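Worksheet for the structure shown next.
Computed over heavy atoms, backbone and side chain alike; hydrogens, waters and symmetry mates excluded. For reference, positions follow the sequence shown, starting with 1. It should be emphasised that the depicted structure is a prediction, and the values quoted were computed from it without experimental measurement.
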Amino acid sequence: MKYLDLPPIWLLGALILTRISPWGLPWGAAFWPGVILLSLAAGLVAAALWEFARARTTPIPHQHPSALIDSGIFRWTRNPIYLADILILAGFTLVWAKMLGLVLLPILVALLDRRFIRTEEARLTAAFGDAFEAYAARTRRWL
């Protein structure tokens with residue numbers, strides 16, 4: 001069951017619910033803004049995975065980090081992959097013109113924050129102490 005408790009699974013669930021929802025957006029599809037958000041998300045994920053590979057540490061939640069990453073994309077956001085998850089849901093919401101996606105966005109943000117980010121930050125504090133505290137003080141959680 002722990003293998004199902006991963007952010008991509010929660011995102012996939014939100015995407016499926018959004019896609020099958022019968023409620024459309026009142027303004028219709030916004031294809032190009034959605035594609036732009038999806039492109040930004042892809043860039044965030046690629047930049048974050050690059051930094052994880054450079055630091056030789058894991059991007060997988062619930063695992064213990066072997067390095068504190070504060071370079072690259074991590075200079076601007078402590079959670080670029082979670083931010084990408086939100087952009088993916090927002091992007092597909094616009095492309096598919098589905099109202100439920102707008103409802104699910106704040107729910108996904110809260111779920112990622114409470115279920116993953118807070119426990120990861122506790123793990124980083126335990127592993128890196130003052131170094132993580134200093135990083136957290138100068139770098140925003142989302143943007």
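In this structure, His62 and Phe116 have tilted ring planes: the angle between them lies in the 30° to 60° band.
In this structure, Asn79 and Leu112 have side chains that are not in contact, with every pair of non-hydrogen atoms separated by 4.5 Å or more. Between Asp5 and Trp10 there is a side-chain heavy-atom pair separated by less than 4.5 Å. In this structure the side chain of Thr58 never reaches within 4.5 angstrom of the side chain of Ser66, judged on heavy atoms.
Listed by chain and number, the residues in a ring pair (Phe, Tyr, Trp, His ring centres under 6.0 Å) with Tyr135 amount to none (sequence neighbours excluded). Every residue was checked against the ring pair (Phe, Tyr, Trp, His ring centres under 6.0 Å) condition with Phe132, not counting sequence neighbours, and none meets it. In terms of the salt bridge (Lys or Arg N to Asp or Glu O under 4.0 Å) criterion, Arg123 has no residue partners (sequence neighbours excluded).
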| field | Steps toward side-chain contact (heavy atoms from CB on, under 4.5 Å) verdict (Leu49, Ile81) | value | CA-CA 9 Å; Leu49 292 177; Ile81 296 175; 4.2 Å; yes
| said: Working note: Leu15 + Leu11, criterion side-chain contact (heavy atoms from CB on, under 4.5 Å); need CA distance, chi angles, decisive distance, verdict. | reply: CA-CA 6 Å; Leu15 288 169; Leu11 172 61; 3.9 Å; yes
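In this structure a side-chain-to-backbone donor-acceptor pair under 3.5 Å is missing from Thr57 to Phe52.
Under a 4.0 Å N-O distance rule, the pair Glu51/Arg54 qualifies as a salt bridge.
By the 4.5 Å side-chain criterion applied to Ile, Leu, Val, Met, Phe, Trp and Tyr, Ile16 is assigned to a cluster that also includes Leu12.
The 12-atom threshold is exceeded at CZ of Arg138, counting heavy atoms of other residues, nucleotides or ligands nearer than 6.0 Å.
Residue pairs meeting the ring pair (Phe, Tyr, Trp, His ring centres under 6.0 Å) criterion with at least one partner in residues 79-100, sequence neighbours excluded, are Phe92-Trp96.
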Check: residues 18-27 side-chain donor-acceptor pairs under 3.5 Å, at least two apart:
{"from": "Thr18", "atom 1": "OG1", "to": "Ala14", "atom 2": "O", "distance (Å)": "2.8"}
{"from": "Ser21", "atom 1": "OG", "to": "Trp23", "atom 2": "N", "distance (Å)": "3.3"}

